[in-house]
Amino acid sequence: MATLQLLTDCPNPAIGLRPCGGSSSPSARHYHYRGSQTRVVPRASHHQQKTPPLSLNRRQMIAETATASLALSLIGGFDKEAKSEDTLSEWERVYLPIDPGVVLLDIAFVPEDPKHGFLLGTRQTILETKDGGNTWAPRSIPSAEDEDFNYRFNSISFKGKEGWIVGKPAILLYTSDAGESWDRIPLSNQLPGDMVYIKATGEKSAEMVTDEGAIYVTSNRGYNWRAAVQETVSATLNRTVSSGISGASYYTGTFNTVNRSPDGSYVAVSSRGNFYLTWEPGQPFWQPHNRAVARRIQNMGWRADGGLWLLVRGGGLYLSKGTGITEEFEEIPVQSRGFGILDVGYRSQDEAWAAGGSGILLRTTNGGKTWSRDKAADNIAANLYSVKFINEQKGFVLGNDGVLLRYLG
């Protein structure tokens, strides 16, 4: 495990994430810049157009028609702001002004201004809304555009007017004015792993997680960070070969997913899905667990009652017995049509929604005991990766190809 700098001027050892020497940005040799992706938007012309010849053969006529149809679709698809259309049962699709192929990764709203929010994704995507998510517009952050990197913004979190964004290659953004301006916080190039999650916890305070299991906390606006665990997951598992965890010996992988509970506990799935890990505040190391099911784990998270849900590859859903951390799960029948379920989000204590491949949407109203399929989303040609409920009235489903669904209630 790479050793980070220790700040000896503090009473407790702290991990120094300040840059050493010159720029702390990762070497350009490790990342390929795709370049700016300028979109060409067809515009109606007021100039006189040439009249096509009267004698068009069938192939020419088809080409002319296809060109005109493409131009019209582009004009409609790249409006200045995104608009909500296509009502899907209790959800509606919001069309976004972004390139095809963008995967949406996280969404958050300012607590003191519930209509003001931000949406993150791949290909350096940051969108902003000021009407509760009905419309979205691209947001430019100069401090995140001054280098030749195509950032993947993974996570965003707000507490009051303070907000944080993390991404890959390593980038950390901070705002103290509800997102009106964002400052870039320098990071050490010795940070183990890629930052995949951040949680705003208080004034100038946040908690950050990397895909190698490093957890850091700050209380001074990111000037320095203290390690909450003593070593990465790889070091923990490889230090004890006889851990009894299947697939853990000589483990060199990363997290596939990581989810945080309201009380600060974490559950993470290994990159290959053959076991999972948990961590609770105060523990020095991550605790590995054997999976209790035959198929590999896709994702895990926390129920509203404090228990765990578990998704397996191929579409299976399991709920833990009781609350808290456990290795005992029971399978719940679901109509996934063979497509994988990728995430679960709880709207309330009893109601939750699950989303997955090929537009799968499932709903429960009894805490997860039974699930019914919302067939209205079957025609969405996208994988739905994440279900996010801001509160009981506001929720979103994030997918690939820029697919965003908004909860209507």
Side-chain angles (χ1 to χ4, degrees), residues 197 209 213 215 229 233 236-237 240 243-248 251 255-283 285-357 360-374 385-389 392 395:
Y197 179 81
V209 184
I215 303 177
V229 292
V233 171
T236 299
L237 296 177
T240 308
S243 59
I245 304 301
S246 176
Y251 173 80
F255 289 162
N256 184 40
T257 64
V258 58
N259 284 295
R260 186 182 191 271
S261 71
D263 66 0
S265 299
Y266 286 93
V267 59
V269 177
S270 67
S271 55
R272 292 190 295 173
N274 49 353
F275 64 96
Y276 66 99
L277 306 102
T278 59
W279 181 84
E280 297 178 274
Q283 291 182 336
F285 312 108
W286 285 86
Q287 306 299 314
H289 303 268
N290 277 312
R291 69 180 190 269
V293 296
R295 286 181 287 176
R296 292 180 182 267
I297 305 172
Q298 178 69 46
N299 194 6
M300 292 182 68
W302 303 90
R303 302 197 306 262
D305 63 1
L308 290 167
W309 53 261
L310 181 152
L311 304 175
V312 297
R313 299 177 185 180
L317 187 152
Y318 294 76
L319 299 180
S320 64
K321 297 180 180 180
T323 60
I325 296 173
T326 179
E327 295 184 1
E328 295 184 2
F329 290 82
E330 58 181 350
E331 185 173 9
I332 305 299
V334 292
Q335 301 175 7
S336 65
R337 298 185 298 157
F339 294 102
I341 305 174
L342 303 177
D343 195 27
V344 175
Y346 275 77
R347 175 176 173 264
S348 64
Q349 191 79 8
D350 296 321
E351 182 179 342
W353 289 81
I360 285 290
L361 270 180
L362 303 169
R363 181 193 184 194
T364 180
T365 56
N366 54 15
K369 297 177 182 178
T370 60
W371 296 77
S372 59
R373 183 161 58 92
D374 189 337
Y385 289 116
S386 180
V387 182
K388 303 281 186 180
F389 277 98
E392 290 192 10

Problem - Donor-acceptor pair, side chain of Arg303 and main chain of Leu308, under 3.5 angstrom - result: yes
Handout entry: Donor-acceptor contact below 3.5 Å, side chain Gln283 vs main chain Glu280
Key = yes
Exercise for the section: Quick one: pull up OH in Tyr266 and CZ in Phe255 and give me the separation to the nearest 0.5 Å. Expected result: 10.5 Å
Practice task
Please examine the side chains of Trp371 and Ile332, heavy atoms only from C-beta on, and report whether any two atoms are closer than 4.5 Å.
Solution key: yes
Handout entry: Where Thr278 and His289 come nearest, the two heavy atoms and their spacing
Key = OG1-NE2, 2.7 Å
Problem - Residue pair Tyr318 / Leu311, side-chain heavy-atom distance below 4.5 Å - result: no
Fill in the blank from the handout: Minimal heavy-atom distance between Gly357 and Phe339, with the atoms involved, is O-CB, 3.7 Å
Practice task
Answer yes or no: is there a side-chain heavy-atom contact under 4.5 Å between Leu237 and Pro288?
Solution key: yes
Handout entry: Nearest-0.5 Å distance that lies between atom CG in Leu310 and atom OG in Ser320
Key = 9.0 Å
Exercise for the section: Could you tell me which non-hydrogen atom of Ala304 sits nearest to which non-hydrogen atom of Ser348, and how far apart they are? Expected result: CB-O, 3.6 Å
Exercise for the section: Could you check if a side-chain atom of Asp343 sits within less than 4.5 angstrom of a side-chain atom of Trp309, using non-hydrogen atoms only? Expected result: yes
Handout entry: Expected output: side-chain Gln298 to main-chain Arg296 donor-acceptor under 3.5 Å
Key = no
Exercise for the section: Could you tell me whether a side-chain N or O of Asn299 sits under 3.5 Å from a main-chain N or O of Gly301, the two making a donor and an acceptor? Expected result: no
Handout entry: Side-chain donor or acceptor of Trp353 paired with backbone N/O of Leu361 under 3.5 Å
Key = no
Exercise for the section: Could you tell me which residues satisfy side-chain hydrogen bond (donor to acceptor under 3.5 Å, both in side chains) with Thr370, sequence neighbours excluded, listed by chain and number? Expected result: Asn366
Practice task
Indicate yes or no: at least one non-hydrogen side-chain atom of Val269 is less than 4.5 angstrom from one of Phe275.
Solution key: no
Exercise for the section: Could you tell me how the ring of Trp279 sits relative to the ring of Trp286: parallel (under 30°), tilted (30 to 60°) or perpendicular (over 60°)? Expected result: tilted
Practice task
Heavy atoms only: give me the nearest Asp305-Thr323 pair and the separation to one decimal.
Solution key: O-CG2, 3.2 Å
Completion exercise
Shortest non-hydrogen pair, Ala355 vs Val387, comes out as CB-CG2, 3.7 Å
Handout entry: Ser261 side-chain N/O to Trp302 backbone N/O, donor-acceptor pair under 3.5 Å
Key = no
Problem - Minimum heavy-atom distance between Gly368 and Leu319, given as atom pair plus value - result: O-CD1, 3.5 Å
Handout entry: Whether Arg313 side chain and Ile341 backbone form a donor-acceptor pair below 3.5 Å
Key = no
Practice task
To the nearest 0.5 Å, tell me how far Ile360 CD1 sits from Arg373 CZ.
Solution key: 5.5 Å
Exercise for the section: Using modelled atom types only, decide if a donor and an acceptor are shared between the side chain of Arg291 and the backbone of Val293 within a distance under 3.5 Å. Expected result: yes
Practice task
Taking Asn259 for its side chain and Met300 for its backbone only, find out whether a donor-acceptor pair lies under 3.5 Å.
Solution key: yes
Practice task
In sequence, state the C-alpha distance, the side-chain angles, and the governing distance for Glu330 and Lys321, and then conclude on salt bridge (charged side-chain N to carboxylate O under 4.0 Å, His left out).
Solution key: CA-CA 7 Å; Glu330 58 181 350; Lys321 297 180 180 180; 5.5 Å; no
Problem - Expected output: side-chain Asp350 to main-chain Thr365 donor-acceptor under 3.5 Å - result: no
